[in-house]
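FYI, the numbering just counts along the sequence from 1. Counting convention: from 1, in listed order, for ligands and their atoms alike. For the numbers below, each heavy atom of this structure counts, side chains included, while hydrogens, waters and symmetry mates do not.
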Amino acid sequence: MASTTSHSGDLATQVLQALDRSSPLLSAEAFPVSSFIELKAALDRLASREMATYDTLEREEVVLEPEGEQIAANGSHEARVFDTLRSAVDGLTVQDLEKAIGDKNVVKIGQGKAFKEKWISKTKDGKFKAAVDSIQDVTREQMQTIKSTRTYPDAKLLADLKKRKLIRLQKIIGFRIHKGAKFALRIPEEATDLTADMITSGSWKTATFKPYNFKASGADQRSGALHPLSKVRAEFRQIFFEMGFEEMPTDKFVESGFWNFDALFVPQQHPARDLQDTFYISDPKVADMPRASSPEDSKDYDAYWGNVKAVHQDGKYGSIGYRYPWSGDESLRLVLRTHTTAISANMLHGLAAKKGSDGRPPAARYFSIDRVFRNESVDATHLAEFHQVEGVIADTNLTLGGLMEFMDIFFGKMGLKNLKYKPAYNPYTEPSMEIFSYHEGLGKLIEIGNSGMFRAEVLESMGFPKEMRVYGWGLSLERPTMIKYGISNIRELLGHKVDLNFVQNSPAVRLDKD
Ligand code: PHE
């Protein structure tokens, strides 16, 4: 909602009204009683909207000390002595004078000065009496002028009055205020946010938006911190790079069923393809057929499509297949990728089309770390989206023992030793193994990843020669992060409930491995 920033009675509005009458104006004249801070805030508000500009003026003001105030109100000491004596025809003793004036000090100073001015004299019997008919009390007039104008044109006199402790000088900061380029009598309503309402009603076209204040220092000036997931991700990337891996481009969350499932020999009736497990995209629902994305892309997508269909439906490459009518439409349904293995499939298909010096696709090592999505109910250890760390290695002469050896080295670099392997099942790998590690803190073996050697059905459809083998493995990024930071509920790590202090204070992960 647009917020109203104008209240007719406020100081900023009063400044606008005063400027309307005369510009420039001096704050000391227009707003003599306003507090400096409030006035400055009002002026800054107007200045940020270009409705007014102002300069700061520093000047000195003369103010009366208590004694000066007394003189301005009652007259100078000497004048008071004279006035009292003038109404006493026979003269007064010092005691009488003191009694009549009521202030010994006034009498003491006043009679001395009055004598000097020849306003009074002494009688033969030692009393004081008036010596003239009338006097002019210049000091009182000076005090009154200073009180009303807060200044006095005679610098020498001011210095003297200061010495006599009748006045003091005071520094005053004021403003000279001018109308600004966008002067108006009212501060326009300013919107702080562009809202959905404003877009639908079209009111955004005429709205005035509050300008950003880039000078605001903000409430908390501590610098940012990397999220624990980012730190562990950086550590994994570092390990991959030092082991000679190339990072795969993972910048698409939406894939066709073809890359996410069919290319990986996941049958179309597989429970993983169920609505309960996979998010399907409703708009648009279907993907285009796999095809070259650039003129340099010379891969044969039609042959690949045909191979995938054949290997599912009828069997090929020595496999008897699943023997069901494979549906191209099912393959083109769009999904939020359920694993980054969809990317690996695409990369491996590209690799299969390359020819090394021996006429075979060259050996390759790829990795990625990015988000994947599963239609699961959310609990303490599951979210509908998480990050997957994935690696593939393509080469000849790869064996299951070699995969286990590689895993020992890879996870060893993360500090996970004594891995255990358990046979598992993936439609796209055979053999497949779950990888476990003993967790000291929990005192038990926990699953840390899934791995395997890609099936011939997958690789030969892509065009790989029989002697090439591909290892693949995947793990969630969240699991090692939760272990490392001692988090038991995943929602403390990811999502809107994350405590920012936790992120700020989480210990740094060493990124400078040598
Ligand atoms: N895609 C598997 C998963 O989501 C991980 C994996 C990748 C397993 C490659 C084997 C080969 O758990």
>> Quick test: of every protein heavy atom, which one is nearest to atom 6 (C) of ligand 1, and how far off is it to 0.1 Å?
In response: Gly474 N, 3.8 Å
>> Among all protein heavy atoms in this structure, tell me which lies nearest to atom 10 (C) of ligand 1, with the distance rounded to 0.1 Å.
In response: Gly472 O, 3.6 Å
> Where is the nearest protein heavy atom to atom 7 (C) of ligand 1: which residue, which atom, and how far?
Replying inline: Thr341 OG1, 3.5 Å
> Does Trp473 reach ligand 1 with a nitrogen or oxygen that is under 3.5 Å from one of the ligand's nitrogen or oxygen atoms?
Replying inline: no
> For Ala18 and Phe31, which heavy atoms make the closest approach, and how far apart are they?
Replying inline: CB-CZ, 4.0 Å
> Under 6.0 Å from the CG atom of Asp314, do we count more than 12 heavy atoms belonging to anything else shown?
Replying inline: yes
Just list the side-chain donor-acceptor pairs under 3.5 Å for residues 252-259, sequence neighbours left out, or say none.
residue	atom	partner	partner atom	Å
Ser256	OG	Phe258	N	3.4

> For Thr250 and Asp370, does a side-chain donor sit closer than 3.5 Å to a side-chain acceptor?
Replying inline: yes
> Is the NZ or CZ atom of Arg333 both under 6.0 Å from the centre of the six-membered ring of Tyr280 and within 45° of that ring's axis?
Replying inline: yes
>> Taking only non-hydrogen atoms of Arg374, do any sit less than 4.0 angstrom from ligand 1?
In response: yes
> In terms of residue, atom name and distance, what is the protein heavy atom nearest to atom 4 (O) of ligand 1?
Replying inline: Gln388 NE2, 2.8 Å
> Is any N or O atom of Asn426, backbone or side chain, closer than 3.5 Å to an N or O atom of ligand 1?
Replying inline: no
>> What protein heavy atom lies closest to atom 12 (O) of ligand 1? Include the residue and the distance to one decimal.
In response: Asn450 ND2, 3.3 Å
> Does Tyr428 have a heavy atom less than 4.0 Å from any atom of ligand 1?
Replying inline: yes
> Taking 4.0 angstrom as the limit, do Asp262 and Arg273 come out as a salt bridge?
Replying inline: yes
>> Going by ring-ring contact (aromatic ring centres under 6.0 Å, His included), name the pairs with one or both residues in residues 34-57, residues two or more places apart or in two chains.
In response: Phe36-Phe175, Tyr54-Phe175
